[in-house]
A.B. asks: 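My questions all concern the structure below.
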Amino acid sequence: MRFDMNYYAFTRRYSFFNKANWNAGLSLGLRGAQFIVETDARANGFEYGASDRAVAPALLFGLHGSGYFTHRLLARYSLEYLGLKIQGLDINVIESRASLEYFIFENVGIGAAYSTAEYRVGEFPLNDNFEGRVLLNFSGGSIFLSARF
């Protein structure tokens with residue numbers, strides 16, 4: 001049996017508040033979780049194999065903000081959400097991310113972040129014979145390089 005998942009994310013942010021040391025605004029994000037399932041079975045001389053792919057898309061609306069504690073230390077936070085129910089299809093997605101970035105040089109820094117995502121899609125059709133449900137939660141930390149221009 002094989003189970004793979006690919007997660008795609010794109011977010012566009014617009015800041016309504018732009019101050020010297022902080023900004024905040026709204027965001028619009030597009031997410032997609034692609035699931036690939038393959039299985040093979042052998043019993044009593046018979047072989048059976050099946051595979052299927054499904055994509056669960058979501059359009060998220062959110063808030064974001066960032067602010068400098070010092071000239072070199074930047075904090076960021078974002079929260080995005082979608083709740084939608086259409087003809088039995090029930091989608092709930094919530095994502096958040098908090099990060100700190102320290103700029104060692106004027107335009108280059110290092111950062112650490114913690115992200116969470118909860119992705120729930122109920123009763124979406126995978127094919128003519130099966131309706132699926134997705135319950136996906138993941139969270140974790142990351143360390144990254146950062147650049148500002």
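Positions are given from 1, in the same order as the sequence printed here.
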A.B. asks: Grouping I, L, V, M, F, W and Y whenever their side-chain heavy atoms are under 4.5 Å apart, do I91 and M5 come out in a common cluster?
C.D. replies: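 They do share one cluster, since a chain of ILVMFWY contacts under 4.5 Å joins I91 to M5.
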A.B. asks: With R76, which residues qualify under salt bridge (Lys or Arg N to Asp or Glu O under 4.0 Å), at least two apart?
C.D. replies: E101
A.B. asks: How would you list, by chain and number, every residue that makes a side chain to side chain contact (heavy atoms under 4.5 Å, CB included) with F10, sequence neighbours excluded?
C.D. replies: R12
A.B. asks: Determine the sole option in S139, S99, S142 for which the side chain to side chain contact (heavy atoms under 4.5 Å, CB included) test with Y114 is passed.
C.D. replies: S139
A.B. asks: Please list all pairs meeting side-chain hydrogen bond (donor to acceptor under 3.5 Å, both in side chains) that have one or both residues in residues 102-113, counting only residues at least two apart or in different chains.
C.D. replies: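 Non-adjacent pairs meeting side-chain hydrogen bond (donor to acceptor under 3.5 Å, both in side chains): zero.
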A.B. asks: Counting heavy atoms not belonging to I143, are there more than 12 under 6.0 Å from its CD1?
C.D. replies: no
A.B. asks: Residues two or more places apart in sequence or in another chain: which of them pass salt bridge (Lys or Arg N to Asp or Glu O under 4.0 Å) with R2?
C.D. replies: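 Scan of R2 (salt bridge (Lys or Arg N to Asp or Glu O under 4.0 Å), adjacent residues dropped) gives D4, E38.
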A.B. asks: For S115, which residues count as a side chain to side chain contact (heavy atoms under 4.5 Å, CB included) partner, sequence neighbours excluded?
C.D. replies: R97
A.B. asks: Can you name the residues that form a side-chain hydrogen bond (donor to acceptor under 3.5 Å, both in side chains) with S66, not counting sequence neighbours?
C.D. replies: N23
A.B. asks: What distance separates R42 CZ from E47 CD, expressed to the nearest 0.5 Å?
C.D. replies: 5.0 Å
A.B. asks: Which residues end up grouped with W22 if you chain together Ile, Leu, Val, Met, Phe, Trp and Tyr wherever their side-chain heavy atoms are less than 4.5 Å apart?
C.D. replies: Y14, F16, F17, L26, L63
A.B. asks: For residues L136 and L84: do they belong to one hydrophobic cluster (side chain heavy atoms under 4.5 Å, members Ile, Leu, Val, Met, Phe, Trp, Tyr)?
C.D. replies: yes
A.B. asks: Determine, using the 4.5 Å side-chain heavy-atom cutoff (strictly less than), whether Y8 and I36 are members of one ILVMFWY cluster.
C.D. replies: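 Per the 4.5 Å side-chain linkage, Y8 and I36 are not co-clustered.
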A.B. asks: So with a 6.0 Å cut-off around OH of Y68, is the heavy-atom count from everything else above 12?
C.D. replies: yes
A.B. asks: What residues form a side chain to side chain contact (heavy atoms under 4.5 Å, CB included) with Y48, not counting sequence neighbours?
C.D. replies: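 Here the qualifying residues are A50.
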A.B. asks: Check A147 against F103 and note the closest heavy-atom contact, atom names and distance.
C.D. replies: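 Between these two residues, the closest heavy atoms are C-CE2, 4.4 Å.
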A.B. asks: Drop me the distance from R72's CZ to I104's CD1, to the nearest 0.5 angstrom.
C.D. replies: 9.0 Å
A.B. asks: If the condition is side-chain hydrogen bond (donor to acceptor under 3.5 Å, both in side chains), which residues does Y77 pass it with, not counting sequence neighbours?
C.D. replies: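 In terms of side-chain hydrogen bond (donor to acceptor under 3.5 Å, both in side chains), with neighbours along the sequence ignored, Y77 is linked to no residue.
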A.B. asks: Please check: side-chain N/O of T70 versus main-chain N/O of L73, any donor-acceptor pairing under 3.5 Å?
C.D. replies: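 Yes; at least one donor-acceptor contact below 3.5 Å.
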A.B. asks: According to a hydrophobic-cluster definition based on side-chain heavy atoms being under 4.5 Å apart (Ile, Leu, Val, Met, Phe, Trp, Tyr only), do L145 and F105 belong together?
C.D. replies: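 Hydrophobic grouping puts L145 with F105.
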A.B. asks: I'd like to check the side-chain hydrogen bond (donor to acceptor under 3.5 Å, both in side chains) partners of N6; sequence neighbours left out, ordered by chain and number.
C.D. replies: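 Partners of N6 by the side-chain hydrogen bond (donor to acceptor under 3.5 Å, both in side chains) criterion, ordered by chain and then number, come out as Q34.
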A.B. asks: Suppose the criterion is salt bridge (charged side-chain N to carboxylate O under 4.0 Å, His left out): which pairs have a residue in residues 20-32, not counting sequence neighbours?
C.D. replies: R31-E80, R31-E95
A.B. asks: Hey, does F138 have a side-chain heavy atom less than 4.5 Å from the side chain of Y119?
C.D. replies: no
A.B. asks: Can you name the nearest heavy-atom pair linking F144 to A113, along with the distance?
C.D. replies: CE2-CB, 3.8 Å
A.B. asks: Kindly write out the residues that satisfy side chain to side chain contact (heavy atoms under 4.5 Å, CB included) with E118, not counting sequence neighbours, or none if the list is empty.
C.D. replies: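 E118 satisfies side chain to side chain contact (heavy atoms under 4.5 Å, CB included) with I94, R120, N137 only.
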A.B. asks: On a heavy-atom basis, which atom in V93 and which in A58 lie closest, and how many Å separate them?
C.D. replies: CG2-CB, 3.9 Å
A.B. asks: Go through the side-chain N and O atoms of T116 and S96 and say whether any donor and acceptor fall under 3.5 Å apart.
C.D. replies: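 Per modelled atom types, T116 and S96 side chains form a pair under 3.5 Å.
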A.B. asks: Would L60 and L79 show up in the same hydrophobic cluster when neighbours are defined by side-chain heavy atoms closer than 4.5 Å?
C.D. replies: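 Hydrophobic grouping puts L60 apart from L79.
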